[in-house]
Every structure is written in C-alpha cells, then in structure tokens.
Amino acid sequence: MAKDLELEKNSPDESEGKKSKGKRSKAKKQKKGIVKYFKDAKAEFKKVVWPTPKETTNNTVVVLIMCGLAALFVFGLDSLFGLLNGLLFH
C-alpha cells in the first residue's frame, strides 16, 4: 500500500499531459535521480562497520598463512605427480 501511494505521488498529473513536459522535466528527473543515488550511497557508507587496524592486521596475517599453506599443498601435489610421472613413463 505504501508503494502505491509513493507511485501516485511520483506519477505526473493527468492535467499536465505528456506533451507539455519537455526535455527539462527529463533532465530534472535525471538530476534528482543522480542526487538521490549519491545521497543514498553516502547513507550506506555511514552504515558500514569499518574494521579496526588490529582486526585488519590479524585478517592480513590469516590470509598470508592460508596462501602459504595452499601453496605448499599445491607444491606437494605437483611434486607427487611429477615423481609418479617419472616412475611410470621413464
């Protein structure tokens, strides 16, 4: 129901007609849309909970450790398959 009221509020009056509205109204609507977009974006950025420097450091360390472990795992598989390839085909 609230959406219906909002749509009626934003819809053009029937008395004005579509022909009387020119490029100005489109430009105004587009300008209002852009301004609304940036206002909404600003409001969303205010809602973001930014991590503390300590949390960022801890998360960075965890990522580096996990990347190292993944690299070791891939290196181990590559070495194993290389060894098996050498034993089977040479």
Side-chain angles (χ1 to χ4, degrees):
M1 185 167 174
K3 286 185 179 182
D4 294 337
L5 293 175
E6 186 176 307
L7 289 173
E8 288 177 17
K9 184 177 165 183
N10 292 333
S11 66
D13 291 336
E14 291 177 15
S15 61
E16 289 180 359
K18 291 183 180 178
K19 291 183 180 179
S20 66
K21 289 190 172 191
K23 292 182 181 179
R24 279 188 183 174
S25 79
K26 283 186 179 181
K28 278 185 179 181
K29 279 188 177 182
Q30 189 175 18
K31 189 174 181 180
K32 286 181 183 179
I34 291 171
V35 171
K36 183 179 182 317
Y37 172 79
F38 282 109
K39 283 183 180 180
D40 290 345
K42 184 178 177 182
E44 288 298 320
F45 272 114
K46 288 181 180 179
K47 294 178 186 177
V48 174
V49 179
W50 298 102
T52 64
K54 186 175 180 178
E55 289 173 332
T56 304
T57 302
N58 289 342
N59 290 339
T60 303
V61 169
V62 168
V63 167
L64 292 175
I65 289 171
M66 292 306 295
C67 287
L69 290 174
L72 286 174
F73 179 73
V74 171
F75 175 75
L77 284 178
D78 183 53
S79 298
L80 176 66
F81 289 138
L83 180 66
L84 289 174
N85 187 23
L87 291 174
L88 291 174
F89 297 110
H90 287 110

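When a residue number appears, it is its place in the shown sequence, counting from 1. Computed from heavy atoms alone, side chains included, the values below leave out hydrogens, waters and symmetry copies.
With rounding to the nearest 0.5 angstrom, the CZ atom of Phe38 is 10.5 Å from the CZ atom of Phe45. The distance from atom CG of Asn85 to atom CG of Leu80, rounded to the nearest 0.5 Å, is 11.0 Å.
Hydrophobic cluster membership is shared by Leu84 and Leu77, with clusters built from Ile, Leu, Val, Met, Phe, Trp and Tyr side chains linked at under 4.5 angstrom.
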Side-chain donor-acceptor pairs of residues 59-67 under 3.5 Å, sequence neighbours excluded:
residue: Asn59; atom: ND2; partner: Glu55; partner atom: O; Å: 3.3
residue: Thr60; atom: OG1; partner: Thr56; partner atom: O; Å: 2.7

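For Lys36, the side chain to side chain donor-acceptor pair (under 3.5 Å) partners two or more places apart in sequence, or in a different chain, are Asp40.
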